[in-house]
Amino acid sequence: MPSRPAVPRQVTTLAAVLLAPNPGPMTLDGTNTWLLRAPGATGCVVVDPGPPDHRHLDAIVAAGPVEMILLTHGHIDHAAGAAPLHSRTAAPVRALDIAHRLGDEGLAEGDVIIAAGVEIRVLATPGHSGDSLSFVLTGDTGGPAAGGHRTGVSDTSDTSANGVSVLTGDTILGRGSTVVAHPDGRLGDYLASLRRLRELGDATVLPGHGPELPAAGRACDTYLSHREARLRAVRTAVEAGDTTAGEIVRRVYADVDPALWPAAELSVHAQLEYLRQLSH
């Protein structure tokens with residue numbers, strides 16, 4: 001007997017999540033596919049359909065009807081399911097990178113999208129990748145309580161009626177830190193994006209992987225401190241005579257699961273490029 005599609009978990013007034021079945025060292029528990037709709041709205045906006053897994057796509061379709069598909073960026077764990085979902089629903093796929101668009105419209109900094117009763121403001125937040133975007137929702141309530149515990153939509157004790165949430169893709173994760181995917185990703189851009197998102201203060205973070213977080217400002221402060229510490233460690237490794245990204249990773253990322261070292265090498269390349277730019 002075929003299993004029933006998974007049921008979305010309501011996180012805030014406007015956002016529910018379906019967890020894709022693609023857990024791993026880089027994806028944590030799996031990709032978060034976000035379904036956006038205002039209370040009483042019939043259709044929904046899908047953010048990051050995830051992998052082309054038929055059961056996951058069944059769950060998205062069952063939660064529809066899907067009016068629009070948005071991509072935070074084009075990495076396969078977020079975007080590979082977009083084309084098959086488009087085929088099943090005829091919903092346009094909007095992204096910054098033209099290669100991932102299906103339809104007449106893309107996405108760009110400053111765009112405001114109104115669909116499924118939700119207003120979505122587009123922020124360019126490059127760094128993890130060159131095409132990374134974040135999506136800001138206003139009038140959203142019921143985010144996680146202080147400390148990052150997962151809560152239902154009924155818990156509004158720490159959010160106002162004019163609450164804000166932000167979908168961050170891989171720019172901010174719900175757990176751990178993200179890779180700066182050099183050469184497409186650039187550390188200078190990433191630091192600037194974190195500083196920009198920090199200005200959202202108490203906005204609930206709805207990440208591409210991992211649990212929701214209670215405050216974008218605090219999350220960005222943590223990420224910026226982490227990056228500063230890694231940069232100091234990379235400088236020390238270079239001064240100690242390390243010359244390759246692999247050597248630096250073995251020294252600086254010794255506390256990290258070796259399965260993540262190839263991704264860490266990308267971040268090290270980005271850090272070395274950033275330090276070279278600072279020295280000129």
Calculate, to the nearest 0.5 Å, the distance between atoms [atom1] and [atom2] belonging to [X] and [Y] respectively.
X	Y	atom1	atom2	value
L194	R196	CG	CZ	12.5 Å
S165	F135	OG	CZ	12.5 Å
L123	L133	CG	CG	8.5 Å
L200	I172	CG	CD1	8.5 Å
L231	L278	CG	CG	8.0 Å
T33	L57	OG1	CG	8.5 Å

Side-chain heavy-atom pair [X], [Y] within 4.5 angstrom cut-off:
X	Y	result
R250	W261	yes
L206	V166	no
P211	R175	yes
D140	T204	no
E109	V122	no
L197	S134	yes
L35	V47	no
P8	V17	no

Is it true that V179 and V249 fall in one hydrophobic cluster, defined by side-chain heavy atoms closer than 4.5 Å? yes

Under 4.5 Å between side-chain heavy atoms, hopping through other hydrophobics if needed: is there a path connecting V205 to Y190? yes

More than 12 heavy atoms of other residues, nucleotides or ligands under 6.0 Å from CG of L275: yes or no? yes

Taking all non-hydrogen atoms of both residues into account, name the closest pair between [X] and [Y] and its distance.
X	Y	value
D170	T178	O-OG1, 2.9 Å
L71	P49	CD2-CD, 3.6 Å
G127	V180	O-CG1, 3.3 Å
G43	E67	CA-OE2, 3.5 Å
T125	T171	O-OG1, 3.6 Å
A41	A116	CB-O, 3.4 Å

Using atom types as modelled and distance alone, determine if a side-chain donor or acceptor of N32 lies under 3.5 Å from a backbone N or O of G210. yes

Under 3.5 Å donor-acceptor, D77 side chain and N22 backbone: no

Salt bridge (Lys or Arg N to Asp or Glu O under 4.0 Å) evaluation trace for D111 with R121: CA-CA 6 Å; D111 283 351; R121 180 161 57 96; over 6 Å; no

Between S267 and Q271, does any side-chain donor sit less than 3.5 Å from a side-chain acceptor? no

State, without any angle test, whether S129 and S132 hold a side-chain donor-acceptor pair at a distance under 3.5 Å. yes

Validate the cation-pi geometry between R230 and Y253: distance from NZ or CZ to the six-membered ring centre under 6.0 Å, angle to the ring axis within 45°. yes

Looking at L70, V112, I114, which one forms a side chain to side chain contact (heavy atoms under 4.5 Å, CB included) with I120? L70

Is there a salt bridge (Lys or Arg N to Asp or Glu O under 4.0 Å) between R94 and D104 once you walk through the steps? CA-CA 9 Å; R94 300 182 62 177; D104 297 330; over 6 Å; no

Can you confirm if the aromatic rings of H128 and H75 lie within a centre distance of less than 6.0 Å? yes

For the pair H209 and H78, name the ring-plane relationship: parallel under 30°, tilted 30 to 60°, perpendicular over 60°. perpendicular

